[in-house]
S.K.: 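Just dropping this structure here.
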Amino acid sequence: MTGRIYLTCILILIGSIVLGCPVRIHVSDSLGNPLSNIAVKIKPLSGKTDVSGDLVLELKQGRHFIQLLDNSGILLESFVFVDCNSQKTFNFILNNTARRSIELKETIVRSKTVKQAIEASPFAVQAIDLKKDYNKGGDISEVLNRASGVKIRTDGSIGAPVQINLGGLQGKAVRLFRDGIPVELFGHGFSLGTIPANMLDRIEIYKGVMPLYLASDALGGGVNLVSRHEYKNQAEISYERGSFNTHRATLYGIWNDPAKKWYVGTNSSFNYSDNNYKVEAPFIDTETSVTSYRNVRRFHDATRTLYVEGFAGLQNRAWADDLRLTVLGSGFYKELQHDILMNKVNGQALSKEKNYTGLLNYKKNFFDERLKVSLLSTYSFFKTRFIDTATVRYGWDGSIIGTGLTPGEINGGNDQRLDYRFFSARLNVSYALSHKHTVDFSELFHHQNRKGSDPLGSISPVENIDVLTVPAFYRKDVMALGLRSTWFDDRVESIVALKYYHFNTKGFTTDNSGTGWRSANDTSRIGYLAGLRWTKGRFLTKVSYEYATRLPDEIEIFGDGVLSKENMDLQPEKSHNVNLNARYSIINGDNRLTLSADLFFRKVKDGIFLQKDIPYNRYINFEHSEIKGFEFEASYATGKRFDLGANFTYQDIRRINIEDALFKIEEGSRVPNIPFLFGNFWLNQGFKGVFNRADRMEINWNANYTHRFFLHTIPKGNEPALFGKVEDFQSSLIIPADGRLGLFSNNAGVYYHFPNQKISLSGECRNIGNVKLYDNFSVQKPGRSFHVKLVYHIF
Amino acid sequence: MKTSKQLRNLMLGLVALAFMASCKKDNDDPKEPDTDLPANETWVIYNASAGWSGGVYALKDNKSREINLSGLPFFQVSSNMGGRAFGKTLYRVNSAAGAQGLLKMDINASGNVVEGKFLASQSTQYITNYLVVSATEGYYWDDVRGGLKVQTFNPTTMERTGEIDFSSLSEGLPNESAGQLIIAKRDDKLYVDLLLGTKLAGDWQVTPPNKEVAIAVYDLTQKTILGVTKFAGTTNLGVFIDNVLWSIDEVTKDLYFVAVGDMKRQSSEFSSKILRIKNGETQFDQTFSIDIKAYQFPAEFNRLFAYNNKIYTTIPSRAVSYYGGGQHGVKYRDDVWYWNEIDVNTKRATRLNIPADSFYGTQNPFFHNGEIYFVSNNTTESFFGVNQYNPSTKVVKETFRLKESGRLNGFNIITE
């Protein structure tokens with residue numbers, strides 16, 4: 001059934017034609033004050049600017065004649081050129097002279113892209129425009145990893161969990177959204193490690209303070225993945241073939257009816273990989289039990305994901321600006337090759353997931369655009385399975401080395417089935433008090449139920465029942481109320497806001513021995529934030545502060561059902577976040593040099609960390625820590641042909657205020673297992689007319705460096721110098737553990753755009769040096785790999 | 001131009017800040033040597049953080065009664081549950097990173113603990129029980145090589161040398177093991193726990209069909225299984241591999257074991273007991289048992305050291321349950337485990353004047369140079385250290401305590 005719907009969408013898309021896109025006309029006076037009620041005519045369309053001086057019109061791509069009028073007559077006549085590939089805003093300034101006379105001229109309009117608009121907000125935010133990356137292979141985690149101040153950590157295989165480190169905080173402290181919705185609701189089929197760039201328009205990285213519209217309980221910032229939504233009809237397919245029998249395919253399409261009253265589309269992907277890259281693995285001699293290491297292919301890590309999304313919407317109605325229904329289904333299958341150390345090897349354990357979600361999104365502006373309302377609700381069904389029932393054991397060459405053993409390669413055996421029901425709703429209301437002040441309100445409500453079974457899992461000692469058969473629920477709501485203001489002709493923008501966080505949960509918790517008992521938790525917190533942005537000439541300076549709270553999420557409380565167990569006693573983690581940003585640009589014709597720096601400070605209390613233990617890991621509140629860090633980025637570009645740049649980040653993350661004298665030896669020590677010095681370098685060169693006057697080609701090289709870091713705490717008294725040798729103690733618990741000072745890797749790619757502008761073909765080589773790379777202690781990432789990608793624009 | 005300079009200065013400042021923050025600070029805190037301390041002893045200390053990781057330290061000239069480990073050389077391990085000393089060599093379960101097996105550690109010329117050879121277990125779980133008898137004789141258990149087989153190894157080369165097969169004792173039950181939790185050697189005989197039963201869903205202990213414990217006795221000279229001795233009324237000899245629950249009284253040569261019972265259900269009828277195989281015997285002494293119910297219940301014995309007809313173990317000051325009363329590690333690991341001396345003849349227990357322990361560390365007491373040493377971790381009294389007890393004079397003396405240096409999860413003495 002899903003397949004038929006999917007096919008129908010494709011057929012509809014193929015039959016579409018190119019139309020226009022929404023263009024924002026902004027009219028202000030010479031002091032920057034927005035001018036309302038100004039009539040705008042662009043034949044055959046017309047309208048009046050609202051209280052913010054804005055009017056949005058759907059225009060076809062190309063050159064248009066525009067007239068601005070008021071009661072006295074024509075105020076301005078000009079031409080605008082609309083390019084639908086970038087969302088446009090055209091600013092018109094009317095001075096007194098202009099308002100009295102008719103002037104016919106062609107205006108040079110510099111419009112802000114969405115990226116520029118986002119980055120001009122008071123928050124420490126970076127937007128990555130992905131349009132130029134659609135022809136690049138891999139997933140978006142690789143793009144994200146190159147951003148300033150961001151460190152992505154993964155086992156390396158397709159489908160493996162991906163962790164974001166941002167401003168010294170990582171894991172769940174950094175929230176991940178898609179179009180403002182927690183990304184977990186889209187299932188494992190839609191995650192940083194599985195989705196190619198083709199599925200997104202851009203990535204917004206909020207470093208510290210989160211915008212109100214996300215109503216988030218992020219502790220140290222977040223990442224919002226913004227979906228593609230072109231305003232012209234479009235259909236695009238892509239296919240990537242890579243090493244390790246890797247296949248990736250995407251399909252994106254949108255079709256708007258000519259009257260702009262409704263639309264349909266799809267945004268889907270498929271991934272498969274054997275993940276059978278070579279790793280250096282331990283082999284135990286049959287006779288002597290002496291360990292030797294050999295390079296061997298992984299044999300049980302195949303991953304398959306399918307994500308199918310279809311959407312349809314009504315727009316430009318009297319009762320709704322946009323009403324969109326999205327239906328999606330995703331599947332995830334992953335074999336589990338090894339434990340967190342790569343010492344234990346599995347040959348049969350696997351996990352599966354199926355997910356069906358419906359989303360309804362309503363947007364409407366009222367009262368002459370002064371009141372903007374957006375309501376989004378989702379309902380999801382998840383079914384997960386974790387199967388670890390093997391009674392045999394495997395060696396790293398795939399041979400069976402033991403038979404007739406107790407079930408379970410990973411733990412004590414699991415045959416787990418879990419059913420989840422998620423309901424999530426978000427309300428955003430924005431009201432313009434005046435042209436300078438706007439009140440924003442956001443509310444996020446999330447509820448989930450879980451019920452399942454595991455005949456090999458935890459049994460409660462008192463009731464003697466399978467703890468997973470007891471329904472568990474988790475609920476949270478986050479509310480935010482804020483005021484945005486602009487001052488001094490928009491040169492200064494400020495924001496202040498209050499937040500309210502609440503969650504409650506009830507279910508079973510188990511200990512490391514598999515014992516379980518009933519437990520419940522109900523907690524609420526207040527938070528607040530403020531931000532200030534000041535622009536003057538080529539300088540952009542921002543300062544922001546948030547007293548942030550992050551509520552434990554369902555995985556941390558209930559466990560992942562595989563390797564981590566529940567902890568119902570978890571408390572929210574809190575942090576004082578301060579960011580100071582500065583950016584300076586030097587522009588000389590087509591040459592542009594941009595320097596930016598971010599100084600950040602975090603003071604975290606009750607931080608939640610994954611405590612590794614035997615046989616299960618567990619999330620715990622982990623004391624207090626202080627983070628002082630900075631990131632720096634420099635980039636230079638010549639036109640659109642050439643650019644190069646580098647960034648690096650240093651974050652000094654240390655445990656402070658240890659209350660228990662017993663553990664004072666760790667006072668001032670680095671919080672372990674977090675990279676604290678890393679950076680990127682990149683170079684892009686574009687060519688035109690390589691084989692044909694109308695073709696294009698780009699070459700790209702990028703590199704990444706991550707300085708060594710320790711897996712466990714090193715007392716400050718024993719800490720080696722940043723670039724010094726480890727002399728005061730002996731430890732093999734370093735990443736990397738082979739004596740290197742850090743990890744350096746580099747990738748290169750060639751991208752060719754055919755003259756017909758419909759096809760692009762790319763070839764990439766990743767980890768050119770075939771270097772042993774590690775993010776998660778001894779879990780080796782893939783070596784050198786090759787990837788070819790084809791992108792075809794159907795229309 | 002002015003703004004460019006400001007920006008440049010800001011950048012330079014930031015870079016300088018970063019590098020200053022990374023500079024190492026030396027810990028110069030020389031301590032006067034304590035002349036009261038035995039100069040010929042090297043103290044091996046295993047400390048642990050809240051997450052169980054820690055270091056193995058060797059202190060010789062820098063011993064003191066109050067030890068701050070900060071700045072001292074150490075060998076780092078991801079999970080520190082202590083170790084065992086044999087001569088000047090140390091052994092522990094699992095590698096520094098946590099790979100299953102046995103790790104040898106040495107003390108180098110500088111007097112620091114360093115990583116030695118590793119004997120890998122094929123097991124995927126934390127279950128590699130072992131015994132080091134001499135530099136060339138050692139035993140361990142590896143379920144993947146066969147639950148009813150005890151592996152032999154050379155503790156110097158850390159290479160497996162063979163196995164002893166107890167498969168003939170199988171009764172065809174789902175979970176069968178020999179030597180999983182007890183491997184003891186007395187004279188030329190090996191005593192291993194024989195556990196034949198079923199691991200029920202949600203349990204980590206194996207439940208035997210009959211409420212009894214069994215020891216299989218193997219004659220190392222004749223290379224034959226001498227037989228199986230059983231004791232009814234309790235179950236489950238031993239509890240986990242870093243928690244050794246057998247002891248040979250070096251004066252009487254009697255061999256003692258702890259049967260912990262079913263720790264989930266804590267049946268009064270089959271409660272935890274200390275049992276004995278007397279010197280020269282291969283059968284349980286059916287006339288002897290020390291029942292935890294005589295001192296506290298529900299509870300179980302979880303430490304064991306025998307010396308001169310005295311048993312040294314912990315008895316909790318209140319009823320405890322590994323499963324009940326809330327999260328494990330909170331209630332079971334309260335400061336309730338008091339060190340006691342139990343006379344094996346009268347079974348009278350005498351509480352020693354030593355801070356109660358919390359069971360974070362599981363090391364047994366040991367005899368050295370006329371005194372018995374006890375490890376305690378006591379949050380209430382802020383004591384994380386060792387006391388020594390003279391069984392003749394009954395005098396207790398504090399050996400040392402750690403200062404702000406984590407929990408003490410193990411302690412060995414190496415004598416020159």
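These numbers were taken from a predicted model, which means no experiment stands behind them. So you know, we letter chains A, B, ... as the sequences are listed, proteins then strands, and number each from 1.
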S.K.: Taking the inter-plane angle between the rings of A/Phe676 and A/Tyr650 on a 0 to 90° scale, is it parallel (under 30°), tilted (30 to 60°) or perpendicular (over 60°)?
M.R.: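 If you compare the ring of A/Phe676 with that of A/Tyr650, the planes turn out perpendicular.
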S.K.: Check A/Arg670 with A/Glu719, please: is the shortest side-chain N to carboxylate O separation under 4.0 Å?
M.R.: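 Salt bridge: yes.
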S.K.: Restricting to side chain to side chain contact (heavy atoms under 4.5 Å, CB included), what partner residues turn up for B/Thr124, sequence neighbours left out?
M.R.: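 Applying side chain to side chain contact (heavy atoms under 4.5 Å, CB included) to B/Thr124 gives A/Lys344, A/Arg393.
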S.K.: Sort B/Tyr140 into side chain, backbone, both or neither according to what part of it lies under 4.5 angstrom from a heavy atom of chain A.
M.R.: side chain
S.K.: For B/Ser358 and B/Asn377, which I'm curious about, is there any donor-acceptor pair between the side chains at under 3.5 Å?
M.R.: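 No pair is found: no donor N or O on one side chain lies under 3.5 Å from an acceptor on the other.
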S.K.: So for A/Ser732, is it side chain, backbone, both, or neither that comes closer than 4.5 Å to the heavy atoms of chain B?
M.R.: side chain
S.K.: Identify which part of A/Leu405 has an atom lying under 4.5 Å from any heavy atom of chain B, answering side chain, backbone, both or neither.
M.R.: side chain
S.K.: State which residues pass side chain to side chain contact (heavy atoms under 4.5 Å, CB included) with B/Leu173; sequence neighbours excluded, sorted by chain then number.
M.R.: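 Expected list: B/Glu171, B/Glu176, B/Leu196, B/Pro209.
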S.K.: Measure distances from B/Ser121 to the heavy atoms of chain A and classify the residue's part below 4.5 Å as side chain, backbone, both or neither.
M.R.: backbone
S.K.: Applying side chain to side chain donor-acceptor pair (under 3.5 Å), name anything that partners A/Ser778, two or more places apart in sequence or on another chain.
M.R.: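 If we apply the side chain to side chain donor-acceptor pair (under 3.5 Å) test to A/Ser778, skipping adjacent residues, there are no hits.
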S.K.: Can you tell me which portion of B/Arg145 sits under 4.5 Å from chain A's heavy atoms? Options are side chain, backbone, both or neither.
M.R.: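 Side chain only.
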S.K.: Which bit of A/Glu409 is near chain B, if near means a heavy-atom gap under 4.5 Å: side chain, backbone, both or neither?
M.R.: backbone
S.K.: Go through the atoms of B/Leu72 and report whether side chain, backbone, both or neither lie under 4.5 Å from a heavy atom of chain A.
M.R.: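 Only the backbone of B/Leu72 comes within 4.5 Å of chain A.
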S.K.: Heavy-atom cut-off 4.5 Å, strictly under: side chain, backbone, both or neither for B/Phe74 against chain A?
M.R.: both
S.K.: Heavy-atom distance under 4.5 Å to chain B: side chain of A/Asn346, backbone, both or neither?
M.R.: neither
S.K.: Have A/Asp388 and A/Asn414 got a donor and an acceptor in their side chains that come within less than 3.5 Å?
M.R.: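 Side-chain D/A pair, A/Asp388 to A/Asn414: absent.
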S.K.: Less than 4.5 Å to any heavy atom of chain A: does that hold for the side chain of B/Ser49, its backbone, both, or neither?
M.R.: both
S.K.: I need the contact set between residues 105-114 of chain B and chain A: heavy-atom distance under 4.5 Å, sorted by residue number.
M.R.: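 Counting heavy atoms that sit under 4.5 Å from chain A, the residues of residues 105-114 of chain B involved are B/Val113, B/Val114.
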